Amino acid sequence: MIKVSLKDGVVKEFEKEVSVYEIAQSISEGLARNACAGIVDGEVQDLRFIVDKDSDVSICTFDDEGGKKAFRHTASHIMAQAIKRLFPETKLAIGPSIAEGFYYDFDRPTPFTEEELIKIQDEMKKIAKENISIERFTLPREKAIELMKEKDEPYKVELIEALPEDAEISFYSQGDFTDLCAGPHLLSTKAVKAVKLMSVAGAYWRGDEKNKMLSRIYGTAYPKASDLEAYLTMLEEAKKRDHRKLGKELKLFALLDEGQGFPFFLPNGMVIKNTLIDYWREIHKKAGYVEVQTPIIMNRELWERSGHWGHYQNNMYTTVIDDVDHAIKPMNCPGGILVYKQDMHSYRDLPIRMGELGIVHRHEKSGALHGLMRVRSFTQDDAHIFMTEEQIRGEIKNVVELIDSVYKLFGFKYHVELSTRPENSMGSDEAWEVATEGLRGALEDMNMKYVVNEGDGAFYGPKIDFHLEDSIGRTWQCGTIQLDMNLPERFDLEYTDKDGSKKRPVMIHRVCFGSIERFIGILIEHFAGQFPTWLSPVQVKILPISEKFEDYAVKVNEELSEAGFRTAVDFRAEKIGYKIREARNERVPYIIVVGEKDLEAGKVSLRSRAGEEGQKDLSEVIERIAKEIKERANS
RNA sequence: GCUGGUGUGGCGCAGUGGUAGCGCAAUUGAUUCGUAAUCAAUAGGCCAGGGGUUCAAAUCCCCUCACCAGCUCCA
């Protein structure tokens, strides 16, 4: 007798061992039809998985993460099967499910064309209609290698060879198609009806740029055509908020051939940048930071001492001044350290929280550049905190809270990663261990959820990264907290402790926005250009109905400017509908219309983003907008 | 950097071998208007750059550059 505990405390008993699918059937035929996978004692399992002991079981449909994965993974196998039917000479690499769909990497002499993509998609639909049942089987490693050699799939052979000697290798086959795969998969191809192949792109075998470049096809799949349609519509909508498009439309910034990767900030964008900086200064002052500024260019000796010359040279721009090598700073830390060294420090001074809005230059590969998100010159809202070892956790906690408060203000969701020691790094294992555990401990003290990103730390220390999403779900690292026990050593930093002895301080490097440029890119997409009033380049636009009311418009404008708002008046001899259309396209949060009726009543007509609001006293409008700006409310 | 795609007035696009077009924006004039586009006229382009094929190239071929998607790398 096997006891299966389902959700809501329901327990079912089975006479003998039973598959996940049979459990679903025992609940309802409807559920069995939609079942994609199961979770058995916390592990995602195939529908074919046999439950042979008392277990907790829940059934996953497409609406569950595990079910979605199985569904899309099956879609990727269907794509591979379609390609094998149409282009049998193609070699298979790997084909997993991903966040919004799936991909599969193929090796063939020429990449797939648009027309071929359509053919493949049609063939996939045919395969779904054929309702081919999907079987799972396992082979010992040697037999598995033999099978894949026989099928002439060298990439699969390589994958299996990387698995342990005694491994049982699982395969899935559907009709004439068999693929190495850990699963799970659906029971048949039937459910995968709504598929769309999105794009073809190159991708290196095993993600290594030294390897051969394969041809990757991205696709997505849904159980219902209407869901697929909804997803495609959502993507279209998201493209409309692309910061590069809006940046041009709203005249925020420009990226020109004359400086590849070096953004120009236009007057409107500069308002946003400066307003963010004002906000930054305000919260950092409150949090006990001082501010410094260090040079953009410093000599080679400094960069050799900091380790950048050795570990970061590929990303640095250099120049020669009076026959001496210099580098344009890619990071602010060495400058901050030199500032620390200007003085003797007592334990009483610590922690020293030293902020710097530093413009850094880094050479990025041309293909990596992306609007404001990835540039070669950017402003870091940097700070270096010098402290004693005992202060580490408290300071990290302060910084995490500060970053969290910034992201909350804008309504951002974010995820956190802990990045550990990379290959090209400096310092002792002990220092790295202490630093990494310091970060991990702080995260755990605060019960923060995080994923570990092995080997992705900075060359001088491990880091906590904060990642924000853009409009189509790509994530970008913004905030980061890096714990550094190496640079204080290299620069021989000291403070005098209670007993008069010299001690080595520990150092944190941290940013909240990350790069102000990238943060603005994210902001543009997040708000679709409709910035909260406090950030809007123009906060109130005054539209006289005709020339006759220009004087009144000027008077209203004076009062609004006097109140400290960023305003503009549209004096053109256009109809009011036209002026409103334009002001709305500019995403101006408040539009004030003045005409005959307003002049007579001594009032103004207000239009906010919510729509027409009718006549109001100007003083009332001023009060309302001032309050919104002061609270930095998100309209 | 790699693979593929794209490159036509300020912006968005059409134009697949026969003298470069549309819409918006701009300028000028008229209109003086009540909540998402008033009318008319004018001006604006070595068709990314270079080389080639051809009687003739935006269009076909080669090279370079930039941008876009993805990979790699990263704030």
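Note that the structure is a prediction, hence the values are computed from the model and not measured. Below, all heavy atoms of this structure are taken into account, side chains as well, without hydrogens, waters or symmetry copies. Numbered from 1 within each chain, the chains take letters A, B, ... in sequence-line order.
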**Student:** Rounded off to whole Å, could you give me the CD1-to-C1' distance for the I542(A) and U35(B) pair?
**Tutor:**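 Going from CD1 in I542(A) over to C1' in U35(B) covers 16 Å.
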**Student:** Base, sugar-phosphate, or nothing for E596(A), non-hydrogen atoms under 4.0 angstrom?
**Tutor:**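 Since a base atom lies under 4.0 Å of E596(A), the category is base.
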**Student:** Could you tell me how far apart I403(A) (CD1) and A75(B) (P) are, to the nearest whole angstrom?
**Tutor:**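 Atom-to-atom, I403(A) to A75(B), this comes out as 13 Å.
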**Student:** My understanding is that a pair needs two contacts under 3.5 Å, Watson-Crick or G-U wobble. By that rule, which nucleotide pairs with A41(B)?
**Tutor:**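 Its partner is U27(B).
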**Student:** Go through the steps for D242(A) and R244(A) under the test salt bridge (charged side-chain N to carboxylate O under 4.0 Å, His left out), then give the verdict.
**Tutor:** CA-CA 5 Å; D242(A) 188 308; R244(A) 292 165 299 188; 2.6 Å; yes
**Student:** Can you tell me the base-pairing partner of A14(B)? Count Watson-Crick or G-U wobble geometry only, both distances below 3.5 Å, and say none if there is no partner.
**Tutor:**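 A14(B) is unpaired by these criteria.
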**Student:** Okay, side chain of R281(A), backbone of Y279(A): is any donor-acceptor separation there less than 3.5 Å?
**Tutor:**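 Side chain of R281(A) to backbone of Y279(A): no pair is present.
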**Student:** Within this structure, what is the OH-to-P distance between Y414(A) and A75(B), rounded to whole angstrom?
**Tutor:**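 The answer, rounded to whole Å, is 19 Å.
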**Student:** Roughly how far apart, to the nearest Å, are A57(B) and U16(B) at atom C1'?
**Tutor:**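 These two C1' atoms come out 11 Å apart once rounded.
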**Student:** So is R72(A) actually on top of F102(A)'s ring, under 6.0 Å and inside 45° of the axis?
**Tutor:**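 Here R72(A) fails the 6.0 Å and 45° test against F102(A).
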**Student:** Can you check the distance between U54(B) and C61(B), where both ends of the measurement are the C1' atom (answer in whole Å)?
**Tutor:**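 Nearest-Å result for U54(B) against C61(B) at atom C1': 12 Å.
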**Student:** Under 4.0 Å, heavy atoms only, any strand: does S605(A) hit a base, just the sugar-phosphate, or nothing?
**Tutor:**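 Base: the residue S605(A), judged by heavy atoms under 4.0 Å, touches a nucleobase.
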**Student:** Pick base, sugar-phosphate or nothing for V593(A), based on heavy-atom distances below 4.0 Å to the nucleic acid.
**Tutor:**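 Base contact.
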**Student:** Salt-bridged, E525(A) to R474(A), with N to O below 4.0 Å?
**Tutor:**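 Salt bridge between E525(A) and R474(A), a charged N being under 4.0 Å from a carboxylate O: no.
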**Student:** Taking C62(B) as the reference, what is the distance to G4(B) when you measure between their P atoms (whole Å, please)?
**Tutor:**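 To the nearest whole Å, 13 Å.
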**Student:** Can you tell whether the side chains of R510(A) and E395(A) come within less than 4.0 Å, N to carboxylate O?
**Tutor:**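 Here R510(A) does not pair with E395(A) in a salt bridge, since their nearest N and O are not under 4.0 Å apart.
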**Student:** Which nucleotide, in any strand shown, forms a Watson-Crick or G-U wobble pair with C2(B), with both distances under 3.5 Å?
**Tutor:**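 The base-pairing partner of C2(B), which may sit in any strand shown, is G70(B).
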**Student:** For C47(B) versus U59(B), give the span between their P atoms, rounded off to a whole number of Å.
**Tutor:**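 Roughly 9 Å separates the two P atoms.
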**Student:** Using atom names, set out every protein N or O paired with an N or O of nucleotides 70-74 of chain B below 3.5 Å, distance rounded to 0.1 Å.
**Tutor:**
residue : atom : partner : partner atom : Å
G70(B)  : OP1  : R474(A) : NH1          : 3.3
G70(B)  : OP2  : R474(A) : NH1          : 3.1
G70(B)  : O3'  : Y218(A) : OH           : 3.0
G70(B)  : O2'  : Y218(A) : OH           : 3.3
C71(B)  : O4'  : G202(A) : O            : 3.3
C71(B)  : O2'  : Y204(A) : N            : 3.1
U72(B)  : O2'  : E209(A) : OE2          : 3.1
C73(B)  : O2   : R374(A) : NH1          : 3.2
C73(B)  : O2   : R374(A) : NH2          : 2.3
C73(B)  : N3   : R374(A) : NH1          : 2.9
C74(B)  : O2   : R374(A) : NE           : 3.3
C74(B)  : O2   : R374(A) : NH1          : 3.4

**Student:** If pairing requires Watson-Crick or G-U wobble contacts with both distances under 3.5 Å, which nucleotide is the partner of G7(B)?
**Tutor:**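 With both distances under 3.5 Å, G7(B) matches C65(B).
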**Student:** Take the protein atom CZ of R584(A) and the nucleotide atom P of A36(B), then report the distance between them rounded to whole Å.
**Tutor:**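 It is 7 Å, rounded to the nearest whole Å.
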**Student:** Could you tell me the separation between the OH atom of Y218(A) and the CE atom of M79(A), rounded to the nearest 0.5 Å?
**Tutor:**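 Those atoms lie 10.5 Å apart.
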**Student:** Whole-Å distance between A30(B) P and E547(A) CD?
**Tutor:**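 It works out to 10 Å between those atoms.
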**Student:** Going by purine N1 to pyrimidine N3 plus the second Watson-Crick contact, or the G-U wobble pair, all under 3.5 Å, which nucleotide sits opposite A57(B)?
**Tutor:**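 None - no nucleotide pairs with A57(B), as no candidate has both distances under 3.5 Å.
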**Student:** Using a heavy-atom cut-off of 4.0 Å across all strands, would you classify I580(A) as base, sugar-phosphate, or nothing?
**Tutor:**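 Here I580(A) touches the bases of the nucleic acid.
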**Student:** NZ of K603(A) versus C1' of G34(B): gap in Å, rounded?
**Tutor:**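 Taking NZ of K603(A) and C1' of G34(B), I get 17 Å after rounding.
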**Student:** What verdict does the side chain to side chain contact (heavy atoms under 4.5 Å, CB included) test give for I98(A) and E100(A), after you've listed the backbone C-alpha separation in whole Å, the side-chain angles of each residue and the deciding distance to 0.1 Å?
**Tutor:** CA-CA 6 Å; I98(A) 51 173; E100(A) 299 297 339; 6.0 Å; no
**Student:** Mind listing the N/O atom pairs, protein and nucleotides 43-45 of chain B, below 3.5 Å?
**Tutor:**
none

**Student:** Expressed as a whole number of Å, how far does the P atom of A20(B) sit from that of C46(B)?
**Tutor:**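 Comparing P positions in A20(B) and C46(B) gives a spacing of 12 Å.
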**Student:** Rounding to a whole Å, what distance do you find between K575(A):NZ and U32(B):C1'?
**Tutor:**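 Rounding to the nearest Å, NZ of K575(A) and C1' of U32(B) are 11 Å apart.
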**Student:** Less than 4.0 angstrom from a charged side-chain N to a carboxylate O is my criterion; do E582(A) and K579(A) meet it?
**Tutor:**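 Judged by the 4.0 Å cut-off on N to carboxylate O distance, E582(A) and K579(A) do not form a salt bridge.
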**Student:** Check this for me, if you would: do R581(A) and E574(A) make a salt bridge, where the nitrogen-to-carboxylate-oxygen distance has to be below 4.0 angstrom?
**Tutor:**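 Salt bridge: no.
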**Student:** Does the gap between the ring centers of F412(A) and F410(A) come in under 6.0 Å?
**Tutor:**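 Between F412(A) and F410(A), the centre distance is under 6.0 Å.
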**Student:** Strictly below 4.0 Å, heavy-atom distances to any atom of RNA chain B: list the hits from residues 250-264 of chain A, or just say none.
**Tutor:**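 Here the set is D257(A), Q260(A).
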**Student:** Across the strands shown, which category fits K579(A) at heavy-atom distances under 4.0 angstrom: base, sugar-phosphate, nothing?
**Tutor:**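 Touches nothing.
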**Student:** For F378(A), report the nucleic acid contact type (base, sugar-phosphate, nothing); a contact means any heavy atom under 4.0 Å.
**Tutor:**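 Base contact - F378(A) has a heavy atom under 4.0 Å of at least one base atom.
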**Student:** Quantified in whole Å, what is the C1' atom distance between nucleotide G45(B) and nucleotide G9(B)?
**Tutor:**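 Pairwise C1' distance, G45(B) against G9(B), rounds to 5 Å.
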**Student:** Does T90(A) reach the main-chain N or O of F106(A) with its side chain, forming a donor-acceptor pair under 3.5 Å?
**Tutor:**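 No, because the side chain of T90(A) does not come within donor-acceptor range (under 3.5 Å) of the backbone of F106(A).
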**Student:** Is a side-chain donor or acceptor of N453(A) paired with a backbone partner of E417(A) at a separation under 3.5 angstrom?
**Tutor:**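 No: the side chain of N453(A) does not pair with the backbone of E417(A).
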**Student:** Just how far is it from atom CZ of F112(A) to atom CD1 of I217(A), taken to the nearest 0.5 Å?
**Tutor:**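 Output value for this atom pair is 4.5 Å.
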**Student:** Under 4.0 Å between a side-chain N/O of R244(A) and OP1 or OP2 of A69(B), yes or no?
**Tutor:**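 Answer yes for this pair, as a side-chain N or O of R244(A) is under 4.0 Å from OP1 or OP2.
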**Student:** Taking the same atom, C1', in G21(B) and in U8(B), what whole-Å distance lies between them?
**Tutor:**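 Comparing C1' positions in G21(B) and U8(B) gives a spacing of 10 Å.
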**Student:** Could you tell me whether a side-chain N or O of S425(A) sits under 3.5 Å from a main-chain N or O of Y460(A), the two making a donor and an acceptor?
**Tutor:**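 No, S425(A) side chain to Y460(A) backbone: no donor-acceptor pair under 3.5 Å.
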**Student:** Would you mind pulling out the nucleotide paired to C46(B), Watson-Crick or G-U wobble, both distances under 3.5 Å?
**Tutor:**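 With both distances under 3.5 Å required, C46(B) matches none.
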**Student:** When the distance from NZ of K541(A) to C1' of U35(B) is rounded to whole Å, what number comes out?
**Tutor:**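 After rounding, the gap between these two atoms is 14 Å.
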**Student:** Determine the Euclidean distance between corresponding P atoms of G23(B) and A43(B); express it in Å to zero decimal places.
**Tutor:**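 It comes out at 15 Å once rounded to the nearest Å.
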**Student:** For the side chain of K248(A), counting heavy atoms from C-beta on, which of G1(B), A75(B), G12(B) is nearest?
**Tutor:**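 Ranking G1(B), A75(B), G12(B) by closest atom to the K248(A) side chain puts G12(B) first.
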**Student:** Looking at A26(B), I'd like to know if its phosphate oxygens (OP1 or OP2) sit under 4.0 Å from a side-chain N or O belonging to R572(A).
**Tutor:**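 Yes.
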**Student:** For V375(A), report the nucleic acid contact type (base, sugar-phosphate, nothing); a contact means any heavy atom under 4.0 Å.
**Tutor:**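 Base, at least one base heavy atom under 4.0 Å.
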**Student:** Output yes when a side-chain donor or acceptor of R353(A) lies under 3.5 Å from a complementary backbone atom of I385(A), and no otherwise.
**Tutor:**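 The answer is no, because no donor-acceptor pair under 3.5 Å joins these two groups.
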**Student:** Suppose we define a pair by two distances each less than 3.5 Å, Watson-Crick or G-U wobble; what does U35(B) pair with here?
**Tutor:**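 Its partner: none found.
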**Student:** For Q380(A) and for S546(A), find the nucleotide of RNA chain B with the closest heavy atom, then tell me which residue's nucleotide is more 5'.
**Tutor:**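 Counting from the 5' end, the first nearest nucleotide belongs to S546(A).
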**Student:** Here's a test of your reading of the structure: between S377(A) and L214(A), which maps to the more 5' nucleotide of RNA chain B?
**Tutor:**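 Result: L214(A).
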